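Structure first, then comments.
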2 protein chains.
Amino acid sequence: MATATTPRYSIGAFAQAVGLTAPTLRYYENEGLIEPHRLANGRRYYEETDVNWVKFLLHLKGTGMSISELKQYVEWRAAGDSTIPQRLELLKKVKADFLVQFNEVQHHLQILNDKINWYEEKEAGVTQDHEDFATYLQRFGHRE
Amino acid sequence: MATATTPRYSIGAFAQAVGLTAPTLRYYENEGLIEPHRLANGRRYYEETDVNWVKFLLHLKGTGMSISELKQYVEWRAAGDSTIPQRLELLKKVKADFLVQFNEVQHHLQILNDKINWYEEKEAGVTQDHEDFATYLQRFGHRE
DNA sequence: TGTTGACTTAAAGTGGACTTTAAGTTGTAA
DNA sequence: TTACAACTTAAAGTCCACTTTAAGTCAACA
């Protein structure tokens, strides 16, 4: 009977695979987010499941979670299924914060778009008097 | 004939009006983003148009522009209409970068949502074997 | 055998955007 | 007239998330 062996990544190869640098991986490890295996000579190695794990962490990070929040999440995960309520609560809080930011940022984009359009109209139009940006915004119902 | 006077804001009142702190306003001034007027005794004052200006800067900042990019924009603006092409180019670049980030962040949210749903199903369902997150994601066509 | 290149560690450094401190001035209200 | 809040400055400090440095170990290849 054959034993299926999962490929082992050195820290460099793993960094490539997840889109980080080796120093960043060591930093994350220090912060308690990852716990790689070690070869007999002390070198780290990572397995396929670690790729998914880090990619998932990066998604959470991308929604605004800080390193310390990620650490808290990781600790709860290591503590087992009894911490699922805490994890769920944390993720819901992260989501709520995210949605607030998301709306704000969409409004910022709106104003940016309006300003670009205003410049383009100004460039295209005659050199003479052009309504100012505030007035322009009002025409679209965009405040401030 | 009456002379219309615009109200003058002290730095504290102005900070309130734009949602920043007085030290932050001094910092922005130092960085070249704002140039308030001064009373005879050396104290800063701001006018109504400055409120709009700062709010607009905060919108740009909210789309991802750094202080130094804002400074560049402000300098071009002070230089007059001949710099409109540069300003337009900068804003378009900011918008392009923003849209890239925006798409990424939406994907991060998708994964966060999926994870929340996965936990909720797990909590609701029977205690026994529950499909893992990777498999769960596949059912929705959400990768990684 | 010796020279790469990839790894190991702990500690110090960086960048951005503020925030805080310290020491002093000014205007108003009790 | 004295207390207090709000202002002034320059400089130092903070926080976060890395990044860089320094000094050393190790495996493989010419």
Side-chain angles (χ1 to χ4, degrees), chain A residues 7-47 50 54-55 57-74 94 97-98 101 104-105 108, chain B residues 7-47 50 54-74 90 94 97-98 101 104-105 108:
Chain A
R8 292 174 168 189
Y9 294 84
S10 69
I11 194 168
F14 187 71
Q16 277 272 109
V18 299
L20 296 172
T21 66
T24 301
L25 287 170
R26 293 193 194 98
Y27 165 70
Y28 282 178
E29 183 180 340
N30 243 297
E31 297 301 309
L33 305 190
I34 325 170
E35 221 183 291
H37 314 272
R38 297 279 182 158
L39 297 172
N41 62 16
R43 294 193 176 188
R44 293 166 178 84
Y45 72 87
Y46 303 79
E47 288 172 355
D50 300 319
V54 170
K55 284 185 175 173
L57 285 181
L58 292 177
H59 281 302
L60 292 187
K61 187 164 179 295
T63 64
M65 279 179 85
S66 66
I67 299 291
S68 70
E69 282 176 324
L70 287 171
K71 184 182 182 167
Q72 175 62 255
Y73 180 83
V74 167
V94 167
D97 292 354
F98 177 94
Q101 294 300 310
E104 286 180 13
V105 123
H108 298 321
Chain B
R8 293 176 167 188
Y9 294 85
S10 69
I11 192 168
F14 188 70
Q16 276 272 108
V18 299
L20 296 172
T21 66
T24 302
L25 287 170
R26 293 193 195 98
Y27 166 70
Y28 282 178
E29 183 180 339
N30 243 298
E31 297 302 307
L33 304 190
I34 325 170
E35 223 183 291
H37 315 272
R38 297 278 182 158
L39 298 172
N41 62 16
R43 295 193 175 187
R44 292 166 179 85
Y45 71 89
Y46 303 80
E47 288 172 355
D50 299 318
V54 170
K55 284 185 176 174
F56 173 62
L57 285 181
L58 292 177
H59 281 304
L60 292 187
K61 187 165 179 295
T63 64
M65 280 179 84
S66 66
I67 299 291
S68 70
E69 281 175 325
L70 287 171
K71 184 182 183 165
Q72 176 62 256
Y73 180 83
V74 168
L90 173 57
V94 167
D97 292 353
F98 177 94
Q101 294 300 310
E104 286 179 12
V105 124
H108 297 320

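Only a predicted model underlies this, so the values are computations on that prediction, with no experimental measurement involved. Order of the sequence lines sets the chain letters (A, B, ...), proteins ahead of strands, with each chain counted from 1.
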Notebook entry, point to check: Can you list the steps and then say if B/R44 with B/H37 is a side-chain contact (heavy atoms from CB on, under 4.5 Å)?
Noted result: CA-CA 6 Å; B/R44 292 166 179 85; B/H37 315 272; over 6 Å; no
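The backbone N or O of B/S66 sits less than 3.5 Å from a side-chain atom of B/E69, completing a donor-acceptor pair.
In this structure, OG on A/S68 lies 9.5 Å from CG on A/L33, to the nearest 0.5 angstrom. Note that CD of A/E47 is 5.5 Å distant from OH of A/Y45, once rounded to the nearest 0.5 Å. A distance of 7.5 Å separates CD of B/Q101 from CG of B/D97, quoted to the nearest 0.5 Å.
The interatomic distance linking A/L25 (CG) with C/dA6 (P) rounds to 15 Å, in whole Å. If you measure from atom CD of B/Q16 to atom C1' of D/dC7, you get 16 Å, rounded to the nearest angstrom. Rounded to an integer number of Å, the gap from B/R8 CZ to D/dA6 P is 21 Å. What separates OH of A/Y45 from C1' of D/dC26 is a distance of 18 Å, to the nearest Å. D/dC18 atom P lies 15 Å from atom CD of A/E29, rounded to whole Å. In this entry the distance linking CG of A/N30 with P of C/dA12 reads 15 Å, nearest Å. Taking atom OH of A/Y46 as the reference point, atom P of C/dC7 lies 10 Å away to the nearest angstrom. When rounded to the nearest whole Å, the span between CD1 of A/I11 and P of D/dT19 equals 13 Å.
Residue A/R44 is in sugar-phosphate contact alone, with no base atom involved, counting any heavy-atom pair closer than 4.0 Å across all strands shown.
Taking only side-chain nitrogens and oxygens, A/R38 comes nearer than 4.0 Å to OP1 or OP2 of C/dT9.
End-to-end axis angle of the helix from C/dT1-D/dA30 to C/dA30-D/dT1, from C1' rotation axes over five pairs per end: 20° (rounded to 10 degrees).
B/F14 and B/Y9 have perpendicular rings, their planes meeting at more than 60° on a 0 to 90° scale where under 30° would count as parallel.
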Checklist line | Summary of protein contacts for nucleotides 15-28 of chain C, nucleotide by nucleotide, where a base hit scores B, a sugar-phosphate-only hit scores S (4.0 Å, heavy atoms) | finding: --BBBB----BBS-
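Heavy atoms from other residues, nucleotides or ligands lying under 6.0 Å from CD of B/E31 number more than 12. A 6.0 Å sphere centred on CD of B/Q16 holds no more than 12 heavy atoms belonging to other residues, nucleotides or ligands. In A/E35, the CD atom is not crowded: 12 or fewer heavy atoms of neighbouring residues, nucleotides or ligands sit closer than 6.0 Å.
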